[in-house]
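All chains are named by letter (A, B, ...) in the order of the sequence lines, taking the proteins before the strands, and each is independently numbered beginning at 1. Keep in mind that the numbers below use all heavy atoms, side chains included, and drop hydrogens, waters and symmetry copies.
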Amino acid sequence: MQLYNTLTRRKEPFVPAVPGKVGMYVCGITAYDFCHIGHARSSVVFDVLVRYLRYTGLSVTFVRNFTDIDDKIIKRANEEGSTSEEVAERNIRYFYEDMDGLGILRADVEPRCTTHVPEMIQVTRQLIDKGHAYATPSGDVYFRVRSFKDYGKLSGRDVEELEAGARIAPGEEKEDPLDFALWKGAKPGEPSWDSPWGKGRPGWHIECSAMSEKHLPLPLDIHGGGQDLIFPHHENEIAQTEAALDKPFARYWVHNGFVQINQEKMSKSLGNFFTIREITARFLPEVLRFFLLTMHYRSPLDFSDEAMEEAEKGLRRIYAALAQVHAELDQPKSWNKGPLPKEIDAELADLTAKWREAMEDDLNTAAALGHVFGLVRLAGRVLENKGWRKLEGGKALLEKTLALMGEWGGVLGLFDRDPAAFLAELRTSRAARKGIEAATVDELLAARAAARAAKDFAGSDAIRGQLAEMGVEVKDTPAGQEWDVA
RNA sequence: GGCGGCAUAGCCAAGUGGUAAGGCAGAGGUCUGCAAAACCUCCAUCCUCCGGUUCAAAUCCGGAUGCCGCCUCCA
């Protein structure tokens with residue numbers, strides 16, 4: 001497949017270093033708070049990438065870390081009077097709750113920094129030995145940025161220009177303002193580990209270097225994360241790792257775009273910030289996942305209730321089609337001999353090829369989802385045609401539709417629910433959001449049923465109008481009335 | 001100031017040289033007591049603007065305008 005590589009700024013054919021095997025590392029969360037939609041996007045994108053690579057037959061080892069010690073965690077622990085372990089442990093639990101809801105698969109290895117301190121000390125020591133890092137009298141260790149000639153190659157920065165804006169903060173003992181911490185000497189009351197430089201804790205960037213090297217062969221085939229990690233985090237990872245080991249760190253750098261609110265970056269300081277659980281309290285998790293995949297992973301994505309509702313309607317249509325196909329297939333009947341017109345099979349083959357092409361092209365899930373709708377329409381046409389739907393060829397197409405939806409859904413992490421159950425949940429979710437009471441609806445529906453039974457169509461229609469004003473649509477089926485939120 | 005990205009119909013959104021996917025909304029139709037769902041048809045002669053390259057450009061190049069991101073913790 002083609003993958004956009006931040007390092008070269010182009011799409012490149014993705015070829016693993018070892019045929020058939022992929023080592024992939026994605027920067028995980030810093031466990032100091034609930035996860036937000038940005039985490040959801042990143043997690044969904046790389047989850048789909050892993051699923052797709054496996055779908056194409058590659059054996060993927062996926063490593064995603066947890067940062068469980070850092071300034072923000074310590075700060076949070078101090079604020080609430082607990083420990084950094086408690087803060088990290090709790091937020092990692094929340095992470096799993098949120099991610100499980102979104103259908104994110106567990107990584108093969110999920111290392112935590114606090115269990116890899118010796119490895120980080122080891123890399124730091126190597127860097128000092130090679131002259132790429134230095135310890136200060138107060139027990140910090142800094143990476144000597146100017147000692148690494150390729151510094152800036154990932155983010156396209158120039159060391160001289162960075163220098164212009166850089167300052168050494170009061171109290172820092174850096175040789176150069178560009179230098180960054182590999183090891184931070186412990187301040188009173190902070191969690192710390194013993195090291196050759198005294199008690200302290202690791203800097204942020206060093207963890208990924210140490211943990212990826214421990215759990216995967218270097219260079220990594222794929223290193224991923226959010227766009228905001230390109231600089232300085234990933235730039236620093238490259239500097240440390242390549243300076244310490246004298247070999248390339250990662251071959252393909254993949255970065256997902258931001259989630260925005262009203263065209264602006266989502267951030268706590270702007271107050272336009274949504275956690276995953278805030279969203280999934282109002283929309284089903286699968287709606288969020290579907291929404292995130294309707295845009296290409298590198299594009300900025302604007303989040304809003306309106307956009308979510310639109311995604312919700314799209315997903316509802318897909319599940320409704322699935323429900324109809326199931327219903328048709330489950331109905332006991334004898335199928336008439338004969339195939340469908342050749343064009344139908346040709347269309348199906350075309351859709352299958354196009355879906356695959358879309359995924360091959362830098363994981364274009366937006367286009368792939370477009371082809372899912374193509375399949376929905378195709379099945380709908382067969383269902384609509386009174387002749388076709390009784391044909392063995394029609395049966396075959398309907399079965400193929402289900403198989404393909406299962407296959408594609410397995411890669412996208414969608415469409416795996418029982419359609420009837422999903423639709424029922426969706427209705428409940430939409431009704432709750434719009435303040436529609438099921439009991440009230442049922443009362444009106446009973447009255448309408450009575451009116452219809454008495455052939456009082458004017459009365460029946462009046463009730464329909466009343467329900468419509470509430471945002472409720474009534475559908476008359478052979479089995480009776482059904483309702484949904486418009 | 002430096003670096004990078006984006007600008008496609010009412011809205012969202014694919015499309016990186018061969019003549020505009022898909023979704024939502026909307027219009028007409030089939031079906032229906034009436035509806036809904038589903039299906040069919042329609043809905044951008046044109047892709048912010050101005051130049052250029054080419055037989056051919058939304059797609060490449062140059063310029064303009066607008067918006068956004070990074071340069072500080074951040075998915």
**Student:** So which pairs with a foot in residues 373-382 of chain A pass salt bridge (Lys or Arg N to Asp or Glu O under 4.0 Å), sequence neighbours left out?
**Tutor:** A/Glu347-A/Arg381
**Student:** Show your reasoning for whether salt bridge (Lys or Arg N to Asp or Glu O under 4.0 Å) applies to A/Asp33 and A/Lys72.
**Tutor:** CA-CA 9 Å; A/Asp33 203 350; A/Lys72 292 190 290 293; over 6 Å; no
**Student:** Salt bridge check, A/Lys342 against A/Asp345: does any charged N sit closer than 4.0 Å to a carboxylate O?
**Tutor:** no
**Student:** For A/Gly257, which contact category applies under a 4.0 Å heavy-atom criterion: base, sugar-phosphate, or nothing?
**Tutor:** base
**Student:** What is the distance, rounded to the nearest whole Å, between atom OH of A/Tyr25 and atom P of B/A75?
**Tutor:** 13 Å
**Student:** Would you mind listing every side chain to side chain donor-acceptor pair (under 3.5 Å) that reaches into residues 312-321 of chain A, with sequence neighbours excluded?
**Tutor:** A/Glu286-A/Tyr319, A/Glu312-A/Arg430, A/Glu312-A/Arg433, A/Arg316-A/Asp484
**Student:** Any N or O donor-acceptor pair linking the side chain of A/Lys72 to the base of B/C74 at under 3.5 Å?
**Tutor:** no
**Student:** Between B/C73, B/C70, B/A75, spot the one nearest the side chain of A/Trp204, thanks.
**Tutor:** B/C73
**Student:** Run the salt bridge (charged side-chain N to carboxylate O under 4.0 Å, His left out) test against A/Asp68 and tell me which residues pass, sequence neighbours left out.
**Tutor:** none
**Student:** Rounding to the closest angstrom, what is the interatomic distance between B/U53 and B/G63 at atom C1'?
**Tutor:** 15 Å
**Student:** Is the shortest distance from a Lys or Arg side-chain nitrogen in A/Lys395 or A/Glu399 to a carboxylate oxygen in the other one below 4.0 Å?
**Tutor:** yes
**Student:** Is it true that A/Arg356 and A/Glu407 have a side-chain N and a carboxylate O under 4.0 angstrom from each other?
**Tutor:** no
**Student:** What residues form a ring-ring contact (aromatic ring centres under 6.0 Å, His included) with A/Phe290, not counting sequence neighbours?
**Tutor:** none
**Student:** Stem finding on RNA chain B, please: runs of three or more consecutive Watson-Crick or G-U wobble pairs, both distances under 3.5 Å, sorted by first number.
**Tutor:** B:1-7 with B:65-71, B:10-12 with B:22-24, B:26-30 with B:38-42, B:48-52 with B:60-64
**Student:** Any chance you could list the contact pattern along nucleotides 10-15 of chain B? Use B for base contacts, S for sugar-phosphate-only contacts and - for none, protein heavy atoms under 4.0 Å, 5' to 3'.
**Tutor:** ---SSS
**Student:** Can you list, pair by pair, the side-chain donor-acceptor contacts under 3.5 Å of residues 362-372 of chain A, counting residues two or more places apart and other chains?
**Tutor:**
unit_1	atom_1	unit_2	atom_2	d
A/Asp362	OD1	A/Tyr4	N	3.0
A/Asp362	OD1	A/Tyr297	OH	2.7
A/Asp362	OD2	A/His296	NE2	3.3
A/Asp362	OD2	A/Arg298	NE	3.0
A/Asp362	OD2	A/Arg298	NH2	2.7
A/Asn364	OD1	A/Ala366	N	3.4
A/Asn364	OD1	A/Ala367	N	3.0
A/Thr365	OG1	A/Leu293	O	2.9
A/His371	ND1	A/Ala367	O	3.1

**Student:** Just to be sure I understand the rule, does A/Glu309 reach a base, reach only the sugar-phosphate, or reach nothing, if contact means heavy atoms closer than 4.0 Å?
**Tutor:** nothing
**Student:** In this structure, how many angstroms lie between the P atom of B/C70 and the CZ atom of A/Phe231, rounded?
**Tutor:** 13 Å
**Student:** Checking A/Lys265 now: which residues fulfil salt bridge (charged side-chain N to carboxylate O under 4.0 Å, His left out) with it, not counting sequence neighbours?
**Tutor:** none
**Student:** What is the distance, to the nearest angstrom, from the CZ atom on A/Phe273 to the C1' atom on B/A75?
**Tutor:** 10 Å
**Student:** Side-chain donor-acceptor pair under 3.5 Å between A/Asn65 and A/Glu110, yes or no?
**Tutor:** no
**Student:** Scan A/Gly226 against the nucleic acid and name what it touches under 4.0 Å (heavy atoms): base, sugar-phosphate only, or nothing.
**Tutor:** sugar-phosphate
**Student:** In whole angstrom, what separates A/Leu288's CG from B/A75's P?
**Tutor:** 17 Å
**Student:** Starting at the 5' end of RNA chain B, which residue's closest nucleotide do you reach first, A/Gly370 or A/Asn256?
**Tutor:** A/Gly370
**Student:** Can you check each nucleotide of nucleotides 30-38 of chain B against protein heavy atoms at under 4.0 Å and return B for base, S for sugar-phosphate only, - for none, in 5' to 3' order?
**Tutor:** ---BBBBSB
**Student:** Check A/Asp71, A/Asp70, A/Asp140 against A/Lys184 for a side chain to side chain donor-acceptor pair (under 3.5 Å) and give me the one that passes.
**Tutor:** A/Asp71
**Student:** Within the structure, does a side-chain N or O atom of A/Lys313 lie under 4.0 Å from either OP1 or OP2 of B/A25?
**Tutor:** yes
**Student:** Using whole Å, what does the distance between atom P of nucleotide B/C3 and atom CD of A/Gln227 come to?
**Tutor:** 18 Å
**Student:** With a 4.0 Å cut-off on heavy atoms, is A/Phe258 in touch with a base, just the backbone sugar-phosphate, or nothing at all?
**Tutor:** base
**Student:** Going by salt bridge (Lys or Arg N to Asp or Glu O under 4.0 Å), name the pairs with one or both residues in residues 458-473 of chain A, residues two or more places apart or in two chains.
**Tutor:** A/Arg464-A/Asp476
**Student:** What integer number of Å spans the P atoms of B/C61 and B/C6?
**Tutor:** 11 Å
**Student:** If the P atom of B/C40 is compared with that of B/G4, how far apart are they to the nearest Å?
**Tutor:** 46 Å
**Student:** Roughly how many Å apart are B/C24 and B/U19, using the C1' atom of each and rounding to a whole number?
**Tutor:** 27 Å
**Student:** For nucleotides 57-59 of chain B, tabulate all protein N/O to nucleotide N/O atom pairs closer than 3.5 Å, reporting atom names and distance.
**Tutor:**
none

**Student:** When rounded to the nearest Å, what value does the distance between P atoms of B/C11 and B/A44 take?
**Tutor:** 14 Å
**Student:** With P as the reference atom in both, quote the distance from B/A20 to B/G26 in angstrom, rounded to an integer.
**Tutor:** 27 Å
**Student:** Base, sugar-phosphate, or nothing: which does A/Val26 touch, judged by heavy atoms less than 4.0 Å apart?
**Tutor:** nothing
**Student:** Hey, does A/Leu162 reach any base, or is it just sugar-phosphate, or nothing, if we go heavy atoms under 4.0 Å?
**Tutor:** sugar-phosphate
**Student:** Rounded to the nearest Å, what distance is computed from the CG atom of residue A/Asn272 to the C1' atom of nucleotide B/A75?
**Tutor:** 15 Å
**Student:** Give the minimum heavy-atom separation between A/Asp179 and A/Val145, together with the two atoms involved.
**Tutor:** OD1-N, 2.9 Å
**Student:** Check the distance between B/A75's C1' and A/Ile29's CD1 and give it to me in whole angstrom.
**Tutor:** 10 Å
**Student:** Quantified in whole Å, what is the P atom distance between nucleotide B/C50 and nucleotide B/U45?
**Tutor:** 15 Å
**Student:** Measure from CG on A/Asp305 to C1' on B/C24 and round the result to the nearest Å.
**Tutor:** 15 Å
**Student:** Taking only Lys NZ, Arg NE, NH1 and NH2, and the carboxylate oxygens of Asp or Glu, determine whether A/Arg146 and A/Asp176 approach each other closer than 4.0 Å.
**Tutor:** yes
**Student:** Applying salt bridge (charged side-chain N to carboxylate O under 4.0 Å, His left out), name anything that partners A/Asp456, two or more places apart in sequence or on another chain.
**Tutor:** none
**Student:** I'd like the P distance from B/G15 over to B/G22, given in whole Å.
**Tutor:** 15 Å
